[in-house]
Undergrad: 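Sharing a structure here in structure tokens format.
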Amino acid sequence: MIGLVKLKRIILLGLRNFYRNGWLSTVATLMMSLTLIIITSFVVFNLILSSVINVAKNKIDLSVYFKDSVSEAEIIDYQVKLKARADVETVEYINKEKALSYFKLLPIKNEIKELLKPEDNILPRSLKIKTKDPENIATISDYFSTPAFKLKLDHISTKDNQEVIDRLLNMSRFIRWVGSLVSLLFIIIALVIIINTICLTIFARQKELEVMQLVGASWSFIRLPFLVESVMYVILATIISTLVLFVGFRVIQSLAFQYLSITEYDLEKFLFDHIYVLIGWQLLTGLFISLISTIMSLRKYLKI
Amino acid sequence: MRAFNKNTRVDVVENKNRPLISVEGVTKNYAGGIVALDSISFGIHEGEFVSLVGPSGAGKSTVIKLLIREEIPSHGQIYIANRNIATIKRYQIPYFRRKIGVVFQDYKLLDHRTVAENIVFALEVSEASDEEIKNRVPKILNLVGLMDRADVFPNSLSGGERQRVSIARALVHSPKILIADEPTGNLDPGTAQDVINLLRKINSSGTTVILATHNKDIVDQINQRVIKLEKGKLIEDRKTGGYGK
């Protein structure tokens, strides 16, 4: 019973202080909102970047085209062997009929498409191989580049664009690295700002702390209302930050669509799909930052 | 006899072996070789009214900081109710403070709280029950004559009224000891007299009062025990009488 009364008083004291120190509370809430917006934007940006890079990487595959002299049974045998490999995701056998149907779907002139008839189909049969990691494409390519395959193969698709694949992979590694570094830098700046802001809100109320100690306020009564205030900053900041992120990402998406014709990635859907994770992440991050800075500041100004 | 609050963990009751407050060979040094107090000793019995006098820098405020356990002596001991207060654990300090009311020259009131709220605040943060708060606040306001100013904010009060709020807050836990550090320093003579009269009234009900001041007229008029400090040394301790030379 006494515990409940005490808890009620601590919460009310914290809420009353939040309301009465309106200006300080507003500044701290806005700074916390900015911190959460910065941190969450970079986390979401990195997630999207990784996702876009993965989509691009997943499009990388390798096609091995066989000469007509190789029997279908032999090709299927290679397909079975490749499927058994740990680094291979899928192996699709494309016979002449399938190759022709794919050819017909190509965005080329109909006159050219009509030159190729089923009865004189010159398109080679092939195995379309997708590896678990695009980095392993080169290993598969090397496997088919041995002398044993020299007379059997027409050509290997990646041979021509290996350089482009390597560049794409290097670029994805570089973008991830730079993205993480820039995010880390901004997160550190945001953390320094919010920690200082919370320290200032407590510094500005040294007199209140002094009076509390003077009248014999217990340990919990001095510290916990400040923590309640911090929780208030975080809850309000999470609401503000989430709203700003939704509006911001909607604007970014419409600009990306308008100027860059990027339609593959639905940012708004991404945010809606991860709404609970987003809110939970912001609450936890905000609570961690604000509670640590509040405790640090109180330790500095309290003698008991 | 137990002190007022049943939840107390630090009793402040005079023991037969020592006076209620016993300062024994206390020295307080600060960084830079400053000696604020130099081996002073005195004892104060329950119910006494003691004026701690001396010019600025004599060490009066240091004595008060030591008595409320804001600081601890560099050498020597201070016993309150036969307990060496340097041994009070950090978590026990709030309970100890509730047994000692303190009044300061600058009042130390919370400006964004009304008169009543300043007093309620002191009770709330020291875990008094709702019933206790409801009973005590009007009584205390009545005692200091501020019942009609209960809902006013400190900024709208005169200096004397603010000091009375500060005294009311100090008395809210029914302390055994009331320490007043220059309580009349910011007040005109008439208002200062009111405050001193209030302190004497509190003393007459059994509370030990320690008044730190350099106001000669007030000390002469009180005509009670005077402890005189100068440059950190105790130079005079007279059982009755005025400020002296």
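Here the structure is a predicted model, which is why all the values come from computation and not from measurement. Chain A is the first sequence line, chain B the second, and so forth, proteins listed ahead of strands; every chain is numbered from 1.
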Undergrad: Output the distance between atom CE (A:Met212) and atom CD (B:Glu124), rounded to the nearest 0.5 Å.
TA: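 Output value for this atom pair is 10.0 Å.
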Undergrad: Roughly how far, to the nearest 0.5 Å, is OH of B:Tyr91 from OG of A:Ser218?
TA: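 Nearest 0.5 Å value for the OG-OH distance: 13.5 Å.
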Undergrad: What ring pair (Phe, Tyr, Trp, His ring centres under 6.0 Å) pairs are there with at least one residue in residues 104-143 of chain B, not counting sequence neighbours?
TA: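 Every candidate ring pair (Phe, Tyr, Trp, His ring centres under 6.0 Å) pair involving residues 104-143 of chain B fails, so no pair, neighbours aside, qualifies.
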Undergrad: How long is the gap from NZ on A:Lys207 to CG on B:Leu109, to the nearest 0.5 Å?
TA: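 Reported value, rounded in 0.5 Å steps: 6.5 Å.
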Undergrad: Quick check: are there more than 12 heavy atoms from other residues, nucleotides or ligands sitting under 6.0 Å from CZ of A:Arg250?
TA: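 12 or below, so no.
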Undergrad: Give the member of B:Asp130, B:Asn118, B:Val102 that has the highest number of heavy-atom pairs under 4.5 Å with chain A.
TA: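 Winner by heavy-atom pair count: B:Asp130.
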Undergrad: What is the minimum heavy-atom distance between A:Leu214 and B:Arg169, and which atoms define it?
TA: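 Closest approach of A:Leu214 to B:Arg169: CD2-NH2, 3.8 Å.
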Undergrad: Report, by ascending residue number, the residues of residues 9-18 of chain A in heavy-atom contact with chain B at a distance under 4.5 Å; give 'none' if the set is empty.
TA: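 Hits under 4.5 Å: A:Arg9, A:Leu13, A:Arg16, A:Asn17.
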Undergrad: If you count heavy atoms of other groups shown closer than 6.0 angstrom to OH of B:Tyr30, is the number above 12?
TA: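 Count over threshold, so yes.
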Undergrad: Within the supplied structure, the quantity of interest is the number of heavy atoms (other residues, nucleotides, ligands) at a distance under 6.0 Å from B:Lys134 NZ; does it exceed 12?
TA: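 It does not: B:Lys134 NZ has 12 such atoms or fewer within range.
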Undergrad: To the nearest 0.5 angstrom, please state how far the CG atom of B:Asp111 sits from the CZ atom of A:Arg20.
TA: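 Atom-to-atom, B:Asp111:CG and A:Arg20:CZ are 11.5 Å apart.
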Undergrad: Would A:Gln213 and B:Glu70 count as a side-chain contact (heavy atoms from CB on, under 4.5 Å) here? Give the steps.
TA: CA-CA 9 Å; A:Gln213 292 175 86; B:Glu70 199 178 310; over 6 Å; no
Undergrad: If you draw a 6.0 Å radius around NZ in A:Lys8, do more than 12 non-hydrogen atoms from other residues or ligands fall strictly inside?
TA: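 12 or below, so no.
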Undergrad: Report which part of A:Glu208 has an atom under 4.5 Å of a heavy atom belonging to chain B: side chain, backbone, both, or neither.
TA: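 When you check distances to chain B, atoms from both the backbone and side chain of A:Glu208 fall under 4.5 Å.
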